[in-house]
Amino acid sequence: MKIIGRVLGVSLGAAALALAVVASPAAAEPNPVGDYRQLAGVGSDTTQDVLNGLGEVVKDGSNNKVVASYDARPLNTTIKTKATGCEFKRPDGSGAGRTALRASNGESGGVYQGVNVAGCVDFARSSSYGGATPTETGAYSYISFGVDAVTYAINADSDLPSSLTYVQLQRIYRCLTTNVGGTPVTPLLMQSGSGTRSFWLSKMGVTEADIAAGDYPCLNTLNNTIQEHDGTVVNGHNDYLLPFSVGQYIAQGNASAIAAQTGVTVADRRGQAILGRVNNIAPVTGGVLNVGFRPELVRDVYNVVPTAKLGDPTIAATFVGANSKVCQAKSSIELFGFGYRSTFADLLHQGCGDTRLKANS
């Protein structure tokens, strides 16, 4: 079987030069503990690494770091996001991050996971849109900053094809196809609350309600234990097929270079996983994310903030508009595997810093 390359090798030339090597290595989130910054964010596993990178380069007029982004892992551990109070269980995934943001904004009595978190979270990392239908009205604004794509991953030794059509993937995830070319296939899903899970299911034409009703018995979550973008789950399983963020795969493949250039730790969890093509379109070209990948599987990634706080000077300067500090850090965004879009196409394909997409969740 022909497979696409295991090592993607992002070219770091311009991006590397644009980022200063930090004096001491940064941990996977603000280090040391107690490095409280103006904006605290939680949520998506997909974008936790790039936000850690942006946390190193986005600074205010006094050269102070502005963004503190707290990882989705390790699971069931606590974080402390502000100097006073604000110690709570680490949100795992886009949905959990947005839930914590809503509680911080006063919803649910300010309580998240049994803890009062009012004022503790300033933004949520999200790799999916939380609304039912794209709209320009809502209590929360989804500010685009990068472009990701999702494809499937299989074991490098698998006899499953290195290219499937979009329709074949839909049939596999609807349990209509249980083998491809005589090779059994087991479609996997990551943990509940994952933004990538939500995005992938929407593209496969599968709903959480139907899964709960038992309509798709072939879908396997390994008892809800699969973390986003953890390729080690396919190790030793030649029938497994798993949705995977292209941006995350690239970043994990360049973990050593990212650490050397930015001091940020990216865990390489690819294991034996390789990425597949869809309709024979490669998700990676020249070592970078192919923004021309299968259109249905390309997505924006977001920093979500309360709409009422878009005018907050720190939030606006950091996230809002093409001239925001985040959007000016294009080289950092690309270094961590994500594409960059500067123009508005529609609400789900915005330019960096656009605030038009909104929802109430």
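These values consider heavy atoms only, across backbone and side chains, with no hydrogens, waters or symmetry-generated copies.
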- Cation-aromatic face contact R356/F344, 6.0 Å, 45 degrees: yes

- Query: Any side-chain heavy atom of Y216 sitting closer than 4.5 Å to one from R174?
  - Reply: yes

- Heavy-atom nearest pair, A100 first then V42, reads CB-CG2, 4.2 Å

- Task: Start with the C-alpha distance between Q252 and S245, add both sets of side-chain angles, then the distance that settles side chain to side chain contact (heavy atoms under 4.5 Å, CB included), and finish with yes or no.
- Result: CA-CA 11 Å; Q252 290 181 32; S245 158; over 6 Å; no

- Determine the minimum heavy-atom distance between A316 and S324, stating which atoms define it. O-CB, 4.1 Å

- Whether Y129 and Y142 hold their rings parallel, tilted or perpendicular, with breakpoints at 30° and 60°: perpendicular

- Heavy-atom check, side chain of L101 versus side chain of P306, under 4.5 Å: yes

- Task: Kindly work out whether a path of hydrophobic side-chain contacts (I/L/V/M/F/W/Y, heavy atoms less than 4.5 Å apart) joins Y152 to L176.
- Result: no

- May I have the step-by-step check of salt bridge (charged side-chain N to carboxylate O under 4.0 Å, His left out) for K82 and D122, ending in yes or no? CA-CA 11 Å; K82 304 290 181 180; D122 302 292; 2.7 Å; yes

- Rounded distance [0.5 Å steps], CG in D300 versus SG in C352: 9.5 Å

- Audit row: L189, L201, side chain to side chain contact (heavy atoms under 4.5 Å, CB included) steps and yes/no: CA-CA 9 Å; L189 284 176; L201 288 178; 3.9 Å; yes

- Among the clusters formed by ILVMFWY side chains lying less than 4.5 Å apart, do F88 and Y36 turn up in the same one? yes

- Do E29 and S69 have side chains that get closer than 4.5 Å, going by heavy atoms? no

- Message: Before you tell me yes or no, could you show the steps for D354 and S144 under side-chain hydrogen bond (donor to acceptor under 3.5 Å, both in side chains), namely the whole-Å CA-CA distance, both residues' side-chain angles and the distance that decides it to 0.1 Å?
- Response: CA-CA 6 Å; D354 203 301; S144 300; over 6 Å; no

- Message: Does any part of the side chain of N105, heavy atoms only, come nearer than 4.5 Å to the side chain of K309, both counted from C-beta?
- Response: yes

- Message: I'd like to know whether V266 forms a side chain to side chain contact (heavy atoms under 4.5 Å, CB included) with D49, so could you lay out the CA-CA distance, the side-chain angles of the two residues, the decisive distance to 0.1 Å, and finally the verdict.
- Response: CA-CA 6 Å; V266 175; D49 296 323; 3.6 Å; yes

- Query: Do T355 and F319 come within less than 4.5 Å of each other through their side chains, counting heavy atoms only?
  - Reply: no

- Query: Do S194 and H229 come within less than 4.5 Å of each other through their side chains, counting heavy atoms only?
  - Reply: no

- Item | Minimum-distance pair of heavy atoms, taken over all atoms of Y70 and I79 | CB-CD1, 3.8 Å

- Task: Could you tell me whether a side-chain N or O of T207 sits under 3.5 Å from a main-chain N or O of D210, the two making a donor and an acceptor?
- Result: yes

- Task: Of all the heavy-atom pairs spanning K59 and V66, show the shortest one and how long it is.
- Result: C-CG2, 3.8 Å

- Stepwise salt bridge (charged side-chain N to carboxylate O under 4.0 Å, His left out) check, R73 with D230: CA-CA 12 Å; R73 304 181 312 275; D230 185 353; over 6 Å; no

- Query: Okay, side chain of R197, backbone of M190: is any donor-acceptor separation there less than 3.5 Å?
  - Reply: yes

- Query: Say you draw a straight line from CG of N179 to CG of L160; how long is it, rounded to the nearest 0.5 Å?
  - Reply: 9.5 Å

- Note on the structure: Rounding to 0.5 Å, atoms CG (L222) and CD (Q191) come to a distance of 12.0 Å

- Message: Side chains of S141 and T307: any donor to acceptor distance under 3.5 Å?
- Response: yes

- Message: Under a 3.5 Å distance rule, please check whether Y166 uses its side chain to pair with a backbone N or O of K203 as donor and acceptor.
- Response: yes

- For the pair Q350 (side chain) and L357 (backbone), establish whether a donor and an acceptor sit closer than 3.5 Å, ignoring hydrogens and angles. yes

- Message: I'd like to know if the side chain of S94 and the backbone of S127 have a donor-acceptor N/O pair within less than 3.5 Å.
- Response: yes

- Note on the structure: One should read off an interatomic distance between I258 CD1 and F336 CZ, to the nearest 0.5 angstrom, of 4.5 Å

- Message: If you count heavy atoms of other groups shown closer than 6.0 angstrom to CG of D346, is the number above 12?
- Response: yes

- Message: Is it the case that the side chain of S104 and the backbone of G119 share a donor-acceptor pair, with hydrogens and angles ignored and the cut-off at 3.5 Å?
- Response: yes

- Query: Considering only heavy atoms from C-beta outward, does the side chain of L297 approach that of W200 to under 4.5 Å?
  - Reply: yes

- Message: Would you say E56 and T262 are linked by a side-chain donor-acceptor pair, where the criterion is simply a distance under 3.5 Å?
- Response: no

- Determine yes or no for a side-chain-to-main-chain donor-acceptor pair under 3.5 angstrom, with N155 supplying the side chain and V234 the backbone. yes

- Item | Test log, rule salt bridge (charged side-chain N to carboxylate O under 4.0 Å, His left out), inputs D92 and R90 | CA-CA 6 Å; D92 178 22; R90 193 180 293 273; over 6 Å; no

- Considering only heavy atoms from C-beta outward, does the side chain of T46 approach that of T196 to under 4.5 Å? yes

- Value rounded to 0.5 Å, distance of CZ in R277 from OG1 in T151: 10.0 Å

- Please confirm whether the backbone N or O of G231 pairs with a side-chain atom of R270, one donor and one acceptor, at under 3.5 Å? no

- Item | Check: T165 side chain, Q168 main-chain N or O, donor-acceptor pair, under 3.5 Å | yes

- Query: To the nearest 0.5 Å, what is the distance between CZ (F199) and CG (L348)?
  - Reply: 9.0 Å

- Query: Backbone N or O of L188 within a donor-acceptor pair of the N220 side chain at under 3.5 Å?
  - Reply: no

